[in-house]
Amino acid sequence: MENRDKNSIMKFLDLSFWRRRLFALTAKIYPAFLRKVYGMDIGKGCVISRKARLDNAVNPKGVHVGDGTWILAGAGVLSHDACRSLKTDTYVGNNCVIGIRSLIMPGVKVGDSTVVAACSVVTKNTPPHCIVAGNPAKIIKTGVIVRNGKIVEPGQSVKNE
């Protein structure tokens, strides 16, 4: 019995355990906050990092995120461009993963089950079931299936031309 109590005390004092629990909690609450306060169209089951930057300045209702999508830390989804006086809708499909520090430009539609690699800049619409990477983002794989933020079917590489 003492060993069991000791393990539970060690788990209680483990900071990484609490950090994971806090992230899980805030990732579930933050989409509801974005829906309520800014009027964004955020789907069910989305995981959005608190460090992600969804455009809430000029056109927050122009951000549309599908069900089950993960938007990771530092990623940006824009719905306006002040230089061009552009206010438009930006769509991210269902079951997508938007990588760390990637950027989705205004007016772009990211297809369902698409992975945007880290530090990529998506300037054009992307088809569903693919992986895009680079600046500007280009398709590097097709036939990808994503569920719950993980790639379950890796797809086929696209040959470079």
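Basis for what follows: all heavy atoms, side chains included, without hydrogens, waters or symmetry-related copies.
No single ILVMFWY cluster, assembled from side-chain heavy atoms under 4.5 Å apart, contains both Leu25 and Tyr30. The hydrophobic cluster containing Tyr38 also contains Val92, counting ILVMFWY residues as joined when their side-chain heavy atoms lie under 4.5 angstrom apart, directly or transitively. Cluster membership for Val47 and Ile145, using ILVMFWY side-chain heavy atoms within less than 4.5 angstrom, is not shared. A single hydrophobic cluster is not seen to contain both Val63 and Leu86; linkage of ILVMFWY side chains at heavy-atom distances under 4.5 Å, directly or through other members, places them apart.
In this structure the side chain of Leu54 reaches within 4.5 angstrom of the side chain of Ile48, judged on heavy atoms. You'll find the side chain of Val116 reaches within 4.5 Å of the side chain of Ile104, heavy atoms only. Annotation: side chain of Met105 is not in contact with side chain of Val122 (no heavy-atom distance under 4.5 Å). Trp18 has its side chain out of reach of Leu22: every pair of non-hydrogen atoms, C-beta onward, lies at least 4.5 Å apart. With contacts defined as side-chain heavy-atom distances shorter than 4.5 Å, the pair Leu103/Leu78 qualifies. Lys36 places none of its side-chain heavy atoms less than 4.5 Å from the side chain of Phe33. Here the side chains of Val108 and Thr123 are not in contact, with every heavy-atom distance at 4.5 Å or above.
Panel note: side chain Thr126, backbone Gly111; a donor-acceptor pair is recorded below 3.5 Å. Side-chain N or O atoms of Thr114 include none that pairs as donor or acceptor with a backbone N or O of Gly93 at under 3.5 Å. When atom types are taken as modelled, the side chain of Asp67 and the backbone of Lys44 share a donor-acceptor pair closer than 3.5 angstrom. Of the possible polar contacts, none joining the Ser157 side chain to the Lys141 backbone as a donor-acceptor pair under 3.5 Å is found. With hydrogens and angles disregarded, no donor-acceptor distance shorter than 3.5 Å links the side chain of Ser113 to the backbone of Pro128. Counting only distance, with no hydrogens or angles, the side chain of Asn135 and the backbone of Val121 share no donor-acceptor pair below 3.5 Å. Judged purely by atom type and a 3.5 angstrom limit, Asp55 has no side-chain atom pairing as donor or acceptor with the backbone of Val77.
Scanning all heavy atoms of the two residues, the minimum distance from Ile42 to Arg35 falls at O-NE, 2.8 Å. Of all the heavy atoms in Thr69 and Gly66, the pair that sits closest is OG1-O, 3.3 Å. Between Lys51 and Ala73, the shortest heavy-atom contact is CB-CB, 4.0 Å. Scanning all heavy atoms of the two residues, the minimum distance from Asn56 to Met40 falls at CB-CE, 3.9 Å. When all heavy atoms of His80 and Asn59 are compared, the pair lying nearest together is CB-CB, 4.5 Å. Nearest heavy-atom pair, Ser49 versus Leu72, reported as atom, atom and distance to 0.1 Å: CB-C, 3.8 Å.
Annotation: the span from Lys61 atom NZ to Asp41 atom CG amounts to 11.5 Å, rounded to 0.5 Å. One finds the SG atom of Cys130 at 14.5 Å from the NZ atom of Lys138 (value rounded to the nearest 0.5 Å).
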Legend entry - side-chain contact (heavy atoms from CB on, under 4.5 Å) evaluation trace for Lys87 with Val58: CA-CA 8 Å; Lys87 294 179 190 175; Val58 177; 3.3 Å; yes
Inset, instruction - Check step by step if side-chain contact (heavy atoms from CB on, under 4.5 Å) holds for Val65 and Ile71. - result: CA-CA 9 Å; Val65 180; Ile71 301 178; 4.0 Å; yes
Inset, instruction - Start with the C-alpha distance between Val146 and Val115, add both sets of side-chain angles, then the distance that settles side-chain contact (heavy atoms from CB on, under 4.5 Å), and finish with yes or no. - result: CA-CA 8 Å; Val146 178; Val115 176; 3.6 Å; yes
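Among Ile151, Ile139, Val158, the one residue that satisfies the side chain to side chain contact (heavy atoms under 4.5 Å, CB included) test with Ile131 is Ile151.
Taking the six-membered ring where tryptophan is involved, the planes of Tyr91 and His64 are essentially parallel, since the angle between them stays under 30° and well short of 60°.
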